[in-house]
J.: 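Below is one structure. I have some questions about it.
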Amino acid sequence: MSLKVYNSLSRKKEDFKSITEGHVGMYVCGPTVSGESHLGHARPYVTFDVIHRYLIYLNYKVRYVRNITDAGHFEEEGREAEDKIAKKALLERLEPMELVQKYTNLFHWAMNEFNTIPPSIEPTATGHIVEQIVMIEKIIKAGYAYEANGSVYFDVEKYNTDFSQIGMPYGILSGRNLEDQLDTTRELDNQEEKRNKADFALWKNAPPEHIMRWPSPWGEGFPGWHIECSAMSNKYLGEQFDIHGGGMDLQFPHHECEIAQSAVCNHKTMAKYWIHNNMITINGRKMGKSYNNVIKLSEMFTGEHPLLEQAYHPMTIRFFILQSHYRSTLDFGNEALKGSEKAMKRLWEAYQVLLKLDENQDTQAVVLEGEENIDAKVNTLLAEFDEFMNDDFNTAKVLASMFELVPIINGIQDKHIPLNVLKTETLSLLKHKLKVYIEDIFGLKQEKQGGDKLESVLKLLISLRKEAKSKKDFVTSDKIRNELTNLGVLLKDDKSGETTYTIQ
RNA sequence: GGUUCUGUGGCCGAGUGGCUAGGCUGAGCUCUGCAAAAGCUCCUACAGCGGUUCGAAUCCGCUCGGAACCUCCA
């Protein structure tokens with residue numbers, strides 16, 4: 001079975017076939033670095049990280065481009081009120097590139113915490129002003145943009161009229177028609193420069209106080225938001241590439257505008273497959289600045305936020321995201337996150353147990369009735385991993401299958417189930433497939449905490465406790481265990497008399 | 001108002017015409033010196049009302065509720 005992806009453009013699941021065999025070009029809209037990333041931002045970058053990893057698993061050579069939007073009009077978070085005071089003292093304000101750097105660094109830090117593979121190219125809007133200007137000139141020349149007072153606007157109506165004839169009307173992606181929009185678009189500032197309410201800016205004239213500005217054929221100004229993605233994707237991935245991704249909230253107008261701009265320049269839809277992730281919600285509502293309900297990633301990791309009952313590890317959040325399908329909304333909640341934390345732990349521990357199972361150990365054990373089909377069951381579950389991922393990256397189903405394997409693994413460890421119910425090939429396939437899926441595709445990891453020294457110290461304590469236990473000195477043995485528990489080290493006695501530990 | 005999506009058990013969340021999703025929580029049991037962990041078993045579902053069908057959580061209609069987009073947004 002081959003990979004199927006849901007294409008927002010056709011609103012159908014389609015067979016994935018890359019434009020160039022063996023290669024995939026993928027562009028994902030990156031963050032606007034005018035503020036710190038919040039939980040909502042984790043969704044697309046984890047989702048597309050998994051897609052990226054899965055494509056690699058399928059042996060594609062992937063060029064993954066994710067931009068940094070660092071141009072436009074920026075206000076630092078929470079600075080708006082201050083701004084009036086600081087207006088005359090420019091030096092007191094953060095230099096725009098300083099601000100951009102600060103939040104870019106924070107973004108990279110968070111992405112690293114999430115164990116995402118960095119994109120192949122991470123272009124910035126400010127680094128591609130020239131490309132954007134060239135593209136705007138091309139659009140003007142083609143007759144689909146006009147200048148007004150040093151700003152340049154895209155002529156949506158003309159585009160729609162002409163490109164509808166070749167099956168690419170404005171609104172093709174979001175499924176809306178232009179007439180509706182003309183009636184419903186809200187009144188905004190500076191609309192008088194536009195010929196039409198639906199037109200959008202390609203270049204904005206910079207008012208004197210605007211700090212970020214670049215010279216252009218139309219005077220000093222800054223690029224519009226949409227043009228950067230068209231310019232940069234075109235530069236690094238060509239006129240048409242395989243996947244364009246981003247949050248569903250970018251579908252309109254951002255991606256719609258991208259399509260229009262690129263279509264004027266290249267006469268084709270820029271991307272073959274459009275993949276959109278759904279939103280993370282909080283109390284059923286999209287997490288977003290304008291709703292005032294954001295929890296920043298740094299707050300998630302430390303637990304310092306009124307809505308958080310505790311800190312959540314980046315891997316817990318990653319797991320949480322993987323437990324749902326990327327096209328469904330995912331509702332934040334402490335209970336849900338705690339559930340993910342436990343589940344992740346359970347899965348990981350079973351995985352560790354599995355890795356230690358020795359395929360050469362006793363083959364004499366008697367396989368009981370009802371156990372002879374376990375081997376087949378394991379093979380079926382493992383085969384389904386690929387099947388589920390191929391069905392539009394259904395990570396939730398893969399995880400469910402993994403959890404069906406967990407009791408089998410633990411059962412073998414506890415010796416309820418003899419190891420030899422699994423064929424040698426099955427066991428090694430199980431190990432291999434879980435490693436590939438858990439670590440390589442899902443990108444889950446768990447740092448070895450404490451290091452070697454702590455490990456030897458704990459081993460010592462464990463052996464002392466074992467000694468005490470053998471003398472039935474439960475006061476001492478319980479003291480060791482309880483004190484360690486207080487320190488966040490949990491001891492577990494397994495069936496064979498061995499004791500293992502986990503650090504919280 | 002327009003466009004689109006959605007409503008699953010205490011919580012999160014798969015599924016989408018017939019087959020146990022899964023995780024977390026809760027209850028019981030087994031194991032254990034006691035715990036923890038693990039294993040086993042169980043409970044609580046498909047918003048409501050109609051229709052199509054041999055059969056619907058799944059398709060259709062209506063009602064009610066929720067959301068996203070139409071402004072910056074992941």
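Just so it is clear: chains get the letters A, B, ... in the order the sequence lines come, proteins before strands, and each one is counted from 1.
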J.: Nearest whole angstrom, please: distance from the C1' of rC40(B) to the CG of Asp414(A).
T.: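 Answer to the nearest Å: 12 Å.
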J.: What interatomic distance, in whole Å, is found between P of rU3(B) and the corresponding atom of rU63(B)?
T.: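 It comes out at 15 Å once rounded to the nearest Å.
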J.: Using the C1' atoms only, state how far rG10(B) lies from rA27(B), rounded to an integer number of Å.
T.: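 rA27(B) and rG10(B) have their C1' atoms separated by 13 Å.
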J.: Of the residues in residues 475-486 of chain A, which ones touch RNA chain B at a heavy-atom distance under 4.0 Å?
T.: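 Close to the strand are Ser477(A), Asp478(A), Arg481(A).
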J.: Are the aromatic ring centres of Phe107(A) and Tyr45(A) under 6.0 angstrom apart?
T.: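 Yes - the distance between ring centres of Phe107(A) and Tyr45(A) falls below the 6.0 Å cut-off.
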J.: Do His52(A) and Tyr54(A) come close enough that some side-chain heavy atom pair is under 4.5 Å?
T.: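 Side-chain contact under 4.5 Å: no.
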J.: Please measure how far the C1' atom in rC69(B) lies from the corresponding atom in rU8(B), and state the result in whole Å.
T.: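 Pairwise C1' distance, rC69(B) against rU8(B), rounds to 25 Å.
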J.: In whole angstroms, how far is the C1' atom of rA37(B) from the OH atom of Tyr351(A)?
T.: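 Rounding to the nearest Å, OH of Tyr351(A) and C1' of rA37(B) are 21 Å apart.
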J.: Check the side chains of Glu384(A) and Thr380(A) for a donor-acceptor pair under 3.5 angstrom, ignoring hydrogens and angles.
T.: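 No, no side-chain donor-acceptor pair sits under 3.5 Å.
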J.: Remember a base hit wins even if backbone is also touched, and classify Thr500(A) as base, sugar-phosphate or nothing at under 4.0 Å, heavy atoms.
T.: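 Nothing: the residue Thr500(A), judged by heavy atoms under 4.0 Å, touches no strand.
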J.: What nucleotide, of rA74(B), rC12(B), rA14(B), holds the atom closest to the side chain of His325(A)?
T.: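 Per side-chain heavy atoms of His325(A), the pick is rA14(B).
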J.: Determine, for Glu483(A) against Lys479(A), whether the closest basic-nitrogen to carboxylate-oxygen distance falls under 4.0 angstrom.
T.: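 No salt bridge links Glu483(A) with Lys479(A).
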J.: If I take atom NZ in residue Lys197(A) and atom C1' in nucleotide rG2(B), what distance separates them, rounded to the nearest angstrom?
T.: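 Lys197(A) atom NZ is separated from rG2(B) atom C1' by 13 Å.
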J.: Nucleotides 3-9 of chain B: which of its N/O atoms have a protein N/O under 3.5 Å away?
T.:
from	atom 1	to	atom 2	distance (Å)
rU3(B)	O2'	Gly175(A)	O	3.2

J.: If the C1' atom of rG55(B) is compared with that of rC43(B), how far apart are they to the nearest Å?
T.: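 About 27 Å, rounded to a whole number of Å.
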J.: Applying a 4.0 Å non-hydrogen cut-off, can you work out what Ile280(A) is touching in the nucleic acid: base, sugar-phosphate, or nothing?
T.: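 Ile280(A): base contact, heavy atoms under 4.0 Å.
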J.: Distances under 3.5 Å between protein N/O atoms and the N/O atoms of nucleotides 19-29 of chain B, please, pair by pair.
T.:
from	atom 1	to	atom 2	distance (Å)
rU25(B)	OP1	Lys342(A)	NZ	2.4

J.: More than 12 foreign heavy atoms under 6.0 Å from CG of Asn283(A): is that the case here?
T.: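 Atom CG in Asn283(A) is not packed in, count stays at 12 or less.
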J.: Rounded to whole angstroms, how far apart are CD on Glu349(A) and P on rA37(B)?
T.: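 These atoms are roughly 10 Å apart.
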J.: Using purine N1 to pyrimidine N3 plus N6-O4 or O6-N4 for Watson-Crick, or N1-O2 and O6-N3 for G-U wobble, both under 3.5 Å, which nucleotide pairs with rC5(B)?
T.: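 Base-paired to rG66(B).
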J.: Could you tell me how the ring of Trp109(A) sits relative to the ring of Phe301(A): parallel (under 30°), tilted (30 to 60°) or perpendicular (over 60°)?
T.: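 Taking Phe301(A) first and then Trp109(A), their aromatic rings stand perpendicular (interplane angle over 60°).
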J.: Give Leu250(A) one of three labels, base, sugar-phosphate or nothing, depending on what nucleic acid heavy atoms sit under 4.0 Å from its own.
T.: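 Here Leu250(A) touches the backbone only, sparing every base.
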J.: Using a cut-off of less than 4.0 Å, is there contact between a side-chain N or O of Ser328(A) and OP1 or OP2 of rG13(B)?
T.: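 So the side chain of Ser328(A) is outside the cut-off, no N or O lying under 4.0 Å from OP1 or OP2 of rG13(B).
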J.: Taking any heavy-atom pair under 4.0 Å as a contact, classify Lys469(A): base, sugar-phosphate, or nothing.
T.: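 Lys469(A): base contact, heavy atoms under 4.0 Å.
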J.: Taking the minimum atom-to-atom distance to the side chain of Arg285(A), which one of rA68(B), rA14(B), rC12(B) wins?
T.: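 That would be rA68(B).
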J.: Under 6.0 Å between ring centres, would you say that holds for His226(A) and Phe200(A)?
T.: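 Ring centroids of His226(A) and Phe200(A) are less than 6.0 Å from each other.
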J.: Can you measure Ile282(A) atom CD1 to rG66(B) atom P for me and round it to whole angstrom units?
T.: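 Rounded to the whole Å, the gap is 18 Å.
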J.: Using a 4.0 Å heavy-atom cut-off across all strands, classify Phe320(A) as base, sugar-phosphate, or nothing.
T.: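 Answer is sugar-phosphate: Phe320(A) comes under 4.0 Å of backbone atoms only.
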J.: With a 4.0 Å cut-off on heavy atoms, is His276(A) in touch with a base, just the backbone sugar-phosphate, or nothing at all?
T.: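 Here His276(A) touches no strand at all.
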J.: With distance as the sole criterion, is a donor-acceptor pair present between the side chains of Asn334(A) and Gln310(A) under 3.5 Å?
T.: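 No, no side-chain donor-acceptor pair sits under 3.5 Å.
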J.: When rounded to the nearest 0.5 angstrom, what is the spacing between CG in Asn7(A) and NE2 in His244(A)?
T.: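 NE2 of His244(A) is found 12.0 Å from CG of Asn7(A).
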J.: Roughly how many Å apart are rU58(B) and rA21(B), using the P atom of each and rounding to a whole number?
T.: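 It works out to 15 Å between them.
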J.: Could you please name the partner base of rA38(B), counting Watson-Crick and G-U wobble pairs only when both distances are under 3.5 Å?
T.: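 Base-paired to rU30(B).
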J.: Return the pairing partner of rG22(B) with a 3.5 Å limit on both distances, Watson-Crick or G-U wobble; otherwise return none.
T.: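 Across any shown strand, rG22(B) pairs with rC12(B).
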J.: To the nearest Å, give me how far apart OH (Tyr291(A)) and P (rC72(B)) are.
T.: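 My rounded result for the distance is 14 Å.
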J.: Should rA45(B) form a Watson-Crick or G-U wobble pair with both distances under 3.5 Å, which nucleotide is its partner?
T.: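 Check on rA45(B): unpaired, no WC or wobble geometry under 3.5 Å.
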J.: Could you give me the CA-CA distance, side-chain angles and deciding distance for Tyr351(A) and Glu439(A), then say whether side-chain contact (heavy atoms from CB on, under 4.5 Å) is met?
T.: CA-CA 10 Å; Tyr351(A) 171 51; Glu439(A) 299 198 50; 2.4 Å; yes
J.: Reckon Asn410(A) touches a base, only the sugar-phosphate, or nothing at all at heavy-atom distances under 4.0 Å?
T.: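 The residue Asn410(A) makes sugar-phosphate contact but no base contact.
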J.: Measure from the side-chain heavy atoms of Met287(A) and tell me the nearest of rG13(B), rA14(B), rA74(B).
T.: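 The listed nucleotide nearest to Met287(A)'s side chain is rA74(B).
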J.: Could you check whether Arg327(A) makes a cation-pi contact with Tyr6(A), meaning its NZ or CZ is under 6.0 Å from the centre of the six-membered ring and within 45° of the ring axis?
T.: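 Yes, Arg327(A) lies over the aromatic ring of Tyr6(A).
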J.: Using heavy atoms to find the nearest nucleotide of RNA chain B for Tyr326(A) and Leu39(A) separately, return the residue whose nucleotide is more 5′.
T.: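 The answer here is Tyr326(A).
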J.: Expressed in whole Å, how much space separates the P atoms belonging to rG26(B) and rA37(B)?
T.: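 After rounding to an integer number of Å, I get 10 Å for this pair.
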J.: Would Lys338(A) and Glu309(A) pass as an ion pair if we require N to O under 4.0 Å?
T.: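 Judged by the 4.0 Å cut-off on N to carboxylate O distance, Lys338(A) and Glu309(A) do form a salt bridge.
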J.: Quick one: on RNA chain B, does Leu491(A) or Asn394(A) contact a more 5' nucleotide (nearest heavy atom)?
T.: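 Nearest-nucleotide comparison on RNA chain B picks Asn394(A).
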J.: Indicate, with a heavy-atom threshold strictly under 4.0 Å, whether Gly288(A) touches base, sugar-phosphate, or nothing.
T.: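 Contact class for Gly288(A): none.
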J.: When you measure from the centre of the six-membered ring of Phe252(A), is the NZ or CZ of Arg176(A) under 6.0 Å away and within 45° of the axis?
T.: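 Yes.
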J.: Atom CD of Glu384(A) to atom C1' of rA14(B): distance rounded to whole Å?
T.: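 Distance, rounded to whole Å: 13 Å.
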J.: Quick one: look up who rG17(B) pairs with, Watson-Crick or G-U, both distances under 3.5 Å, and put none if it's unpaired.
T.: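 Base-paired to nothing in any strand shown.
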J.: For the C1' atoms, the ones on rG9(B) and on rC72(B), what distance do you get once it is rounded to whole angstrom?
T.: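 Those two atoms are separated by 39 Å.
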J.: Please give, in whole Å, the distance from rA74(B) C1' to Ile295(A) CD1?
T.: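 It works out to 16 Å between those atoms.
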J.: Going by purine N1 to pyrimidine N3 plus the second Watson-Crick contact, or the G-U wobble pair, all under 3.5 Å, which nucleotide sits opposite rA56(B)?
T.: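 rA56(B) is unpaired by these criteria.
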J.: Can we call the ring centroids of Tyr312(A) and Phe332(A) under 6.0 Å apart?
T.: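 Aromatic pair excluded; centres sit 6.0 Å or further apart.
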J.: For a quick check of understanding: with a heavy-atom distance under 4.0 Å over all strands, which category does His41(A) fall into, base, sugar-phosphate or nothing?
T.: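 Counting heavy atoms under 4.0 Å across all strands, the contact made by His41(A) includes a base.
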J.: I'd like to know if the side chain of Glu122(A) pairs up with that of His108(A) as donor and acceptor (distance under 3.5 Å, no hydrogens or angles considered).
T.: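 Indeed, the side chains of Glu122(A) and His108(A) share at least one donor-acceptor pair under 3.5 Å.
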J.: Distance between the C1' atoms of rC64(B) and rC19(B), in whole angstroms?
T.: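 Pairwise C1' distance, rC64(B) against rC19(B), rounds to 33 Å.
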J.: With stacking defined as ring centroids separated by under 5.5 Å and planes differing by under 30°, is Tyr45(A) stacked against rA74(B)?
T.: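 Stacking between Tyr45(A) and rA74(B): absent.
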J.: Which label fits Tyr159(A) and Phe163(A): parallel for a plane angle under 30°, tilted from 30 to 60°, or perpendicular past 60°?
T.: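 Because their plane-to-plane angle is under 30°, the rings of Tyr159(A) and Phe163(A) count as parallel.
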